[in-house]
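Read through the structure below, which is laid out as structure tokens, and then see the notes.
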Amino acid sequence: MEKHLLKDFELDPKNPSVEALQRWRSAVTLVKNRRRRFRMVADLDKRSQAEQIKQGIKEKIRIALYVQKAALQFIDGMALKVEYKPSEEAREAGFGIHPDDIASIVRSHDYKNLNNIGGVEAIARKLTVSVDGGVSEESINRRQQIYGVNRYTEKPSRTFLMFVWDAMQDLTLIILMVCAIVSIGVGIATEGWPKGTYDGVGIILSIFLVVIVTAVSDYKQSLQFRDLDKEKKKIFVQVIRDGKRQKISIYDIVVGDIVHLSTGDQVPADGIYISGYFLLIDESSLSGESEPVNANEEKPFLLSGTKVQDGQGVMLVTAVGMRTEWGKLMETLNEGGDDETPLQVKLNGVATIIGKIGLAFAVLTFLVLTIRFMVEKALNGEFGSWSSKDAMKLLDYFAIAVTIIVVAVPEGLPLAVTLSLAFAMKKLMNDRALVRHLSACETMGSASCICTDKTGTLTTNRMVVNKIWICDKATQMKGNETADELKTKISEGVVSILLQAIFQNTSAEVVKDKDGNNTTLGTPTESALLEFGLLFGADFDAQRRAYKILQVEPFNSVRKKMSVLVGLPDGGVQAFCKGASEIVLKMCDKIIDCNGEVVDLPEDRANNVSDVINGFASEALRTLCLAGGVAIEGPDFRDLSPEQMKDIIPRIQVMARSLPLDKHKLVTNLRNMFGEVVAVTGDGTNDAPALHEADIGLAMGIAGTEVAKEKADVVIMDDNFTTIINVAKWGRAVYINIQKFVQFQLTVNVVALIINFFSACITGSAPLTAVQLLWVNLIMDTLGALALATEPPNDGLLQRPPVGRGTSFITKPMWRNIIGQSIYQLIVLAILNFDGKRLLRISGSDATEVLNTLIFNSFVFCQVFNEINSRDIEKINIFRGMFDSWIFLLIIFATVVFQVVIVEFLGAFASTVPLNWQMWLLSVLIGAVSMPIAAILKCIPVEKDTSKHHDGYEPLPSGPELA
């Protein structure tokens, strides 16, 4: 039933099609406030315009890359030398080139004029920077004033008043405002001042309260998203400043900075290549070309926003911010907004369907009230005479009908998703998880399988050399003492070649921190090796100065090794290689003996070394052995047939020595063969395809490259598996919190609609006035969402099965609770409405006002207690964790206090009269009875889910047995 009704509101959580996005927008036909409802929804028109601008920029870059190269070759012999003159401001600051000139050279790949100037060294001189020492800290401000800052133009943040204006765009509130103004005018004419203003002013005050509370809630959400956006943009690079290598934010990059690039980095600004090895740049984000290009002395131009696919290098920054094409491109990315989440879309569908039902009830209520009024006038022979009181009566009927629409159209449903996601994302950010896409937080609640790396995720991201095999002996490392002992036991020649292999063949560096202590910058493995070398008292800088590096082959996941060719002081050359033990061993036919001499490596000795390697490996892997699981190596996995994969994948617990391609294949098969919702972790550039393919891509924040982070949905900032579990917990909490809110709101909707409609049909009046319904709307909409949609998760959530693909959002237990509570409330309110005066012996001139106030009060307390009931859809104990949720407690308290104020002190505006303590007690008791009713309802069995997990696990029990 739900699937049929909401077929136009189905959306893929990742990369939804434009057709699907347009389809659900067209299906939303009844919206009270389009500005607010669609504020967190992508603007497809703006997105289309931005895409056209982006394509124009890419085409421009493509022309610069290809057409101009050909043109430059054609006019090679004819080109005249261009004279670049600095601006007066730049000259006074000590610089020798105009910002636009240097930006133009790189942007247009102007090889000719770069050579005419004298190459990168001449550019560095014009920028008053040393290629070896970098810029000086004292020149940073001057450089930013002359050449600009590395930021792009962003839209200004929305102010609180803008959110107030959005909240006031609600069509029903505008109609009620007009009704209120007319009511004040007619009231003053008929009843005088101030009595004639009470009804109208009451509506205006209620509208004001609704607008302010709504605006405050929306504004707080926007602040949370703003903080999240700032966190997303935190990208760091390594630069040399004042002769020291340090890590800084890309937004602090200035023209003249010397930047170190390595695999997976984002090029932070436009620049010129200085030096490097096998530097391969992916320019697809700018030019659209899929083929990466080599950067070297012949092709020295590097563009901001491109990615380092392989290798390493050093560049000189020449242009930043809006002087780069990337800056202009990023400006267009501000337009259009992010894609909406599947739950937002689904609840837009629910709101549309309920809104149509509510509109029908509102029209019927107005027609019934009006027809009854007309018939009564005709029967009394007064149809020909009309007074201002008659007009007020009809106006009141119209206001009630409009207010029913206000209550009936659950505008807060899709917005509650945004509120819950914003709250969850803010909390996760504090817990070291950065959610880059809204839908990921939602989808993580459905994750049924997590594929994770071992190093840095299941283990800490810090490595040390724990054991070494040298000179045919294995030694356990225990700090400086062991290093000193080793130096006495092995020859100087062996120590010398060991330190050369460590210090020459590395992509890491040893730098001094502010306190003068040595700090290593590099990957955990590289840092561990350098720290081991430093234990021997060696000087890293002295070692590097003594030899000249001629060529480097950087490490990557395909080669599994890093090699370097160095020039020796005597004029000779030497190669050093490190990497996967079995690969390096196969390359060798010589070994260094205990005296530091190179000798042959016969087969029996190579086998002995291989046994040592396997012994070390088995020690490192012992903690990963899992009972009942299958461990498989990547090469074996990728050779399996589809039938074999289908058989073995459910039993795989460990995949060792796997390539990124193996990870991608595993993720694809888990999703397609078994229908799993897969979360996958990754840190390297080559992990990007698997991160993109998975339902939820989780990138490592410390070890992860910028390429991996960009492809991921969530960045785990502390590289800790516990944080991944926390994301899953919050994902489930978001889904369940929205279900709680929907259950609560639908109950209020059903009761308010039916009681007002049938009362109008039978008695000719509605028991709940416009002001009262506006207050109820505030309770069930904004305040209800704040109370229920922001509940923190509990550990019990992980004992429940994840939400499967295609599962109905409004579950059978929810329908059971909604119907049960609605029946109870309708019976009680109907009894009070039709026979309350007799049963409660209410008499006197104000008997009707007292009874209507009691009905209103009882109705509100039913919602207060039902809000508490809604804290858990299936468990009987709804108090567990309630006192840990201060937002929930605050809203319940505020609702009760304000209800007392409305009834006791604002009667003139809210059409209420003060109640005695017996009436108050009765109202509270009527509401409180809903709690034992909720417990009884939860004991009613509903159809259980019979689905099984692909590896045979059955879903855990739900319902009263979990109470």
Side-chain angles (χ1 to χ4, degrees), residues 13 40 216-234 338 341-344 412 414-447 450 457 679 681 696-702 709 712-741 782-800 802-803 870-872 880-892:
M40 294 301 295
V216 168
S217 173
D218 291 350
Y219 181 62
K220 286 192 71 177
Q221 278 180 53
S222 77
L223 293 180
Q224 288 174 328
F225 282 119
R226 196 188 304 172
D227 292 342
L228 195 69
D229 219 36
K230 286 179 184 174
E231 197 68 37
K232 282 184 194 175
K233 294 170 183 173
K234 285 185 179 176
D338 294 326
T341 74
L343 205 50
Q344 281 176 320
L415 298 171
V417 181
T418 310
L419 174 67
S420 188
L421 288 172
F423 184 80
M425 290 164 81
K426 177 72 174 175
K427 291 291 183 183
L428 281 171
M429 192 166 71
N430 295 337
D431 292 341
R432 312 302 296 149
L434 174 62
V435 181
R436 298 185 71 252
H437 303 130
L438 267 178
S439 59
C441 198
E442 214 174 85
T443 311
M444 196 63 190
S446 301
I450 300 176
T457 309
T681 72
I696 311 104
L698 304 159
M700 300 298 105
I702 299 171
K709 291 176 191 175
D713 303 295
V714 181
V715 177
I716 307 301
M717 293 189 283
D718 59 359
D719 289 14
N720 193 326
F721 191 77
T722 306
T723 306
I724 296 174
I725 297 299
N726 207 24
V727 175
K729 207 190 301 185
W730 270 104
R732 293 189 183 189
V734 165
Y735 193 90
I736 290 168
N737 284 347
I738 300 303
Q739 284 186 314
K740 295 175 192 174
F741 174 64
T782 307
L783 295 180
L786 278 170
L788 292 169
T790 59
E791 286 243 34
N794 57 69
D795 291 333
L797 289 174
L798 295 178
Q799 304 305 316
R800 307 169 65 129
V803 180
S870 297
R871 289 194 68 252
D872 202 293
R880 186 181 297 163
M882 187 173 83
F883 298 100
D884 296 329
S885 179
W886 65 268
I887 295 177
F888 183 88
L889 294 173
L890 181 65
I891 286 170
I892 293 293

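One-based numbering along the sequence shown. Values reported hereafter were calculated over all heavy atoms of this structure, with side chains retained and with hydrogens, waters and symmetry mates removed.
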**Study point:** For L434, the option from K234, E231, M425, K709 that meets side chain to side chain contact (heavy atoms under 4.5 Å, CB included)
**Key:** E231

Revision key, fill the gap. Between T681 and M700 the two heavy atoms that sit nearest each other are CB-CE, 3.9 Å

Review point. Stepwise, does the side-chain contact (heavy atoms from CB on, under 4.5 Å) test hold for F423 with I887?
Key: CA-CA 11 Å; F423 184 80; I887 295 177; 3.7 Å; yes

Check your understanding: Can you check whether S870's main-chain N or O pairs, donor with acceptor, with K740's side chain at less than 3.5 Å?
Key -> no

**Study point:** Note, I716 side chain near V727 side chain (heavy atom, < 4.5 Å)
**Key:** yes

**Study point:** Minimum heavy-atom distance between T722 and N720, given as atom pair plus value
**Key:** N-OD1, 2.9 Å

Review point. Would you call L419 and S217 a side-chain contact if the rule is heavy atoms closer than 4.5 Å?
Key: yes

Point to revise | Set of residues satisfying ring-ring contact (aromatic ring centres under 6.0 Å, His included) with respect to F888, sequence neighbours excluded | key: none

Revision key, fill the gap. The reported gap from OG1 in T790 to CG in L421 (rounded to nearest 0.5 angstrom) is 12.5 Å

Review point. Counting only N and O atoms by type, is there a donor-acceptor contact under 3.5 Å from the side chain of R732 to the main-chain atoms of L797?
Key: yes

**Study point:** Separation between CG of N726 and CZ of F721, rounded to the nearest 0.5 Å
**Key:** 12.0 Å

Revision key, fill the gap. d(K729 NZ, I724 CD1) to nearest 0.5 Å is 14.0 Å

Check your understanding: Closest approach of E442 and Q344, non-hydrogen atoms and distance?
Key -> OE2-N, 4.3 Å

Study note, to complete from the structure: One should read off an interatomic distance between I892 CD1 and L783 CG, to the nearest 0.5 angstrom, of 9.5 Å

Review point. Checking D713 side chain against A440 main chain: does a donor-acceptor pair fall under 3.5 Å?
Key: no

Practice item. Not counting sequence neighbours, which residues clear side-chain contact (heavy atoms from CB on, under 4.5 Å) with A424? List them please. Key: C441, W730, V734

Revision key, fill the gap. Output for pair (M717 CE, L428 CG), nearest 0.5 Å, gives 9.0 Å

Check your understanding: What heavy-atom pair brings S446 and P802 nearest, and what distance separates the two atoms?
Key -> O-CB, 3.7 Å

Check your understanding: Of the non-hydrogen atoms in F883 and L889, which two are nearest, and what is the gap between them?
Key -> CA-CD1, 3.7 Å

Review point. Would you say the side chain of V715 lies within less than 4.5 Å of the side chain of R436, judging by non-hydrogen atoms?
Key: yes

Review point. Can you check whether A789's main-chain N or O pairs, donor with acceptor, with S420's side chain at less than 3.5 Å?
Key: yes

Review point. Could you go step by step and tell me if N737 and L788 meet the side-chain contact (heavy atoms from CB on, under 4.5 Å) rule?
Key: CA-CA 6 Å; N737 284 347; L788 292 169; 6.0 Å; no

Review point. Say you draw a straight line from CE of M429 to CG of D227; how long is it, rounded to the nearest 0.5 Å?
Key: 5.0 Å

Review point. Between V714 and I696, is a side-chain contact (heavy atoms from CB on, under 4.5 Å) present by the stated rule, with each step listed?
Key: CA-CA 7 Å; V714 181; I696 311 104; 4.2 Å; yes

Check your understanding: Would you say T443 and H437 make side-chain contact, with heavy atoms under 4.5 Å?
Key -> no

Exercise for review: Answer yes or no: is there a donor N or O on one side and an acceptor on the other, between the side chain of Q221 and the main chain of A422, under 3.5 Å?
Suggested key: no

Study note, to complete from the structure: For D431 and T723 the tightest heavy-atom approach is O-CG2, 3.6 Å

